[in-house]
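Just below is one structure, and these are the notes that go with it.
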Amino acid sequence: MEGVSSHNGIASPSHNKEHKKRKYVLGPDGKPLKGPDGHRIRVKQEPREQEISSGDAHHTKKHPKVKTEKRHSDVDSTHRNKSVKKEKHGEKRKHSESENGVKDKKKKTDRGDASPTKKVKKEETQEKWKWWEEAGQDKDNTIKWKFLEHKGPVFAPPYEPLPDHVHFKYDGKVMRLQPEAEEVMTFYAKMLEHDYTTKEDFNRNFFGDWRKVMTAEEKAHIKDLGKCNFVAVADYFKMKSEERKARSKEEKQMEKKNNEALIEEYGFCDWDHHKEKIGNFKLEPPGLFRGRGNHPKMGKLKKRLNPEDVIINCSKNSQIPKPPSGHKWKEVRHDNTVTWLVSWTENVQGQNKYIMLNPNSRVKGEKDWQKYETARNLKSKVGKIRENYMRDLKSTEMMVRQRAVALYFIDKLALRAGNEKEDGESADTVGCCSLRCEHIKLHKHLDDKDFVVEFDFLGKDSIRYYNKVPVLKQVFKNLSLFMEDKEGGDDLFDRLNTSTLNKYLNSLMDGLTAKVFRTYNASITLQNQLLELTDPEDENVASRLLSYNRANRAVAILCNHQRAAPKNFSEQMGRMNDKIRKKQDEIQDAKQQVKSAKSDYKHMKTEGKRKLYENKKKRVARLQEQLIKLEVQATDKEENKEIALGTSKLNYLDPRITVAWCKKYEVPVEKVYNKTQRDKFAWAIAMVDETYEF
DNA sequence: CCGCACACTTAGCAGTTTAGAT
DNA sequence: ATCTAAACTGCTAAGTGTGCGG
């Protein structure tokens, strides 16, 4: 049933109002672009091998430069102070302390105490609910709702057996499978082109699970994956998808309509009498588990869910969703201390999965807001905390020393906390506290720098973190000490784990945990970078956006948010450069024409000649404008090759910083936030002016 | 203390749609 | 009109952090 496909929201209107003049932005010769300060932009080299800038969050840099160069100067101890000063240096700071105070207060107290409960607004129409304007009523943080009603989940469409003419073959012979085994077979067939199917673990896991759903006869017959031929089946699905793409406008319209209807019916819930959007109301369909990185369970069968697997959570006095006929829910509960509407246990890893609200909902939005308030709170405490861990670097107690070093990493490099994981159950990845000796190398000297730590490990999603960082001498000494008499596979911080670390952090500041440092450092970096990179003189929106993207990029690099380079990247890049060159030639040519038109006009001072001359000049200007746009695009693209900006934008950057920047520099918010993002950050967009300071 | 269950946030990728170039 | 790249969305895996029971 093709029925379920995307229903995406409206695309952001791409306001095409590049107006006004700009100045430099980049060399007219197509050479690497320079920032306002003439700082040259890095050039990426080896594909996946790149270094991350030593990512000193406290040290604002012109560009998200990546390469190792520079950075010697601050073998630390001073960087804290620097950063503090840096914050001031823009003298832009509009004494927003007071403003912060107000906002904080509004927020905290609102949430906290008994401010008058506004009448519960019925959400009659499309009118978006401005929950952030409302006085918070529940002081009790553990109660998430008083009333919750929803229609339950949407199940995956049932399996449609293959038509008779589509054949799976075993050992060269056509073999018809029973629906259970056939369905699982199609999961594999659909992935035939994928890299996964070349992996031994994937194949073994798949084959094992596949055999579990076979009948006795099937099982007796199918003994070797190597003898299976899925090609015809794979082709069939390819054909189906072509077919789908080629459907008529009307059919596509129709499907869209149906989808919208589905969303209307299942995509919303009544949460304390507000109509709120649900994030994921469809249950995950069955398929083969695609773990990231070297996941031991890749290829295992993710089973089809039945109502009997599903727990419903809603108000007692609500319309309780009905299970499909002939079925029962696993359980219906009424737990208002949690935010999920539906949950189930996924069979591959045994984890719970949930249906929850969309990010634009009150419950998610408030949480997000709170997160940034906690991070801002850290801003005022961080100096003290840094002093603390500096001191602790020399503690006589090993655990304290380890804690200090770990904290130093988390703060300076924005590493994740690094909870321990059950081994063998998932890919071998680490964070700060779970670093092993083999993940770092110590260099007393390296490329002109002293006390360099070379990190090389796989982090979340098996994304490689590779970085060479000069550290404090004391940190360096401690690290050698921690590694004494240990093997590569031993924990670097053997006396430390995230829970003790977080407990300690919590004692320093309410709500402080390791991840707050990531949020804090990301946001403060954005703020600093924006201040530094935005040229007030240059009013061109395109170049301002480039500045924004660069600031964003600095954060992405700090947080190590990577992506696979787009397909055909170098070809694309080549094409862009061709275009630029062509444009340059055009400009040359146009300039010639201006010259001759000019002399023409000098010889014969007619109105016509003058017009011609003017027009030629205008053309040059227009072409130059286009050239700059192209060059900016090319630069942005090049710099962004393997950097993912979305994650930090969505999860780490206080949206109020961005909104304030937009207001200050008259950049329309929709240039930096698409529809979804504006929706998620509606609270920030509504409440902030250009004076906001993180 | 710990191990584990649970809830919730953060993450990259794939597929689809849209915009822009030719 | 057709092609291509960019933008966007959905998806779901993989983290973080809390709290509980032993």
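Naming convention: chains lettered A, B, ... in sequence-line order (proteins, then strands); numbering from 1 in each chain.
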With DNA chain B as reference, determine whether A/Lys245 or A/Ser648 sits nearer its 5' end, using the nearest nucleotide of each. A/Ser648
When the nearest nucleotide of DNA chain B is assigned to A/Thr500 and to A/Lys252 on a heavy-atom basis, which residue is associated with the more 5' position? A/Thr500
From C-beta outward on [X], which listed nucleotide comes closest to its side chain: [options]?
X: A/Ala514; options: C/dT12, C/dG15, C/dG17; answer: C/dG17
X: A/Trp340; options: B/dA7, C/dT16, C/dT12; answer: B/dA7
X: A/Lys579; options: C/dA14, B/dA21, C/dG17; answer: B/dA21
X: A/Tyr354; options: C/dA6, B/dC6, C/dA13; answer: B/dC6
X: A/Asp461; options: B/dG12, C/dG17, C/dT9; answer: B/dG12
X: A/Arg290; options: B/dT10, B/dA14, B/dT9; answer: B/dA14
X: A/Arg575; options: C/dT9, B/dA11, C/dA5; answer: C/dA5
X: A/Lys367; options: B/dC2, C/dT18, B/dC8; answer: B/dC8
X: A/Thr429; options: B/dA11, C/dG15, B/dC13; answer: C/dG15
X: A/Asn674; options: B/dA7, C/dC8, C/dT16; answer: C/dC8

So, do [X] and [Y] sit near enough that their side-chain heavy atoms are less than 4.5 Å apart?
X: A/Met509; Y: A/Leu505; value: no
X: A/Leu458; Y: A/His439; value: no
X: A/Thr374; Y: A/Leu512; value: no
X: A/Trp683; Y: A/Pro655; value: yes

Please determine whether a side-chain nitrogen or oxygen atom of [X] lies at a distance below 4.0 Å from atom OP1 or OP2 of [N].
X: A/Asn352; N: B/dC6; value: yes
X: A/Thr647; N: B/dT10; value: no
X: A/Lys353; N: C/dA13; value: yes
X: A/Lys515; N: B/dT10; value: yes
X: A/Gln572; N: C/dA6; value: yes
X: A/His194; N: B/dA14; value: yes
X: A/Asn280; N: C/dC11; value: no
X: A/His295; N: C/dA13; value: no
X: A/Lys144; N: B/dC8; value: yes
X: A/Gln349; N: C/dA14; value: yes
X: A/Tyr652; N: B/dA11; value: yes
X: A/Lys371; N: B/dT10; value: yes
X: A/Arg518; N: B/dA11; value: yes

Interatomic distance, A/Gln633 atom CD to A/Leu545 atom CG [nearest 0.5 angstrom]: 11.0 Å
Looking only at the side chains, is there a donor atom on one of A/Asp491 and A/Ser434 sitting less than 3.5 Å from an acceptor on the other? no
Verify whether one side chain among A/Arg518 and A/Tyr652 offers a donor that lies under 3.5 Å from an acceptor in the other. yes
Protein-nucleotide distance ([X], atom [atom1]; [N], atom [atom2]), rounded to Å:
X: A/Asp335; N: B/dC8; atom1: CG; atom2: P; value: 9 Å
X: A/Asn336; N: B/dA7; atom1: CG; atom2: P; value: 13 Å
X: A/Trp145; N: B/dA7; atom1: CH2; atom2: P; value: 13 Å
X: A/Asn568; N: C/dA5; atom1: CG; atom2: P; value: 7 Å
X: A/Lys302; N: C/dA13; atom1: NZ; atom2: C1'; value: 9 Å
X: A/Ile311; N: B/dC6; atom1: CD1; atom2: P; value: 8 Å
X: A/Lys637; N: C/dT4; atom1: NZ; atom2: P; value: 14 Å
X: A/Gln633; N: B/dG20; atom1: CD; atom2: P; value: 10 Å

Indicate yes or no for a side-chain donor-acceptor contact from A/Ser523 to the backbone of A/Asp654 under 3.5 Å, with no hydrogens or angles considered. yes
Can a donor-acceptor pair under 3.5 Å be found between the side-chain atoms of A/Lys460 and the base atoms of B/dT10? yes
Which part of the nucleic acid, if any, lies within reach of A/Gly459 when heavy atoms closer than 4.0 Å are counted: base, sugar-phosphate only, or nothing? sugar-phosphate
Base, sugar-phosphate or nothing for A/Thr339? Non-hydrogen atoms, less than 4.0 Å. sugar-phosphate
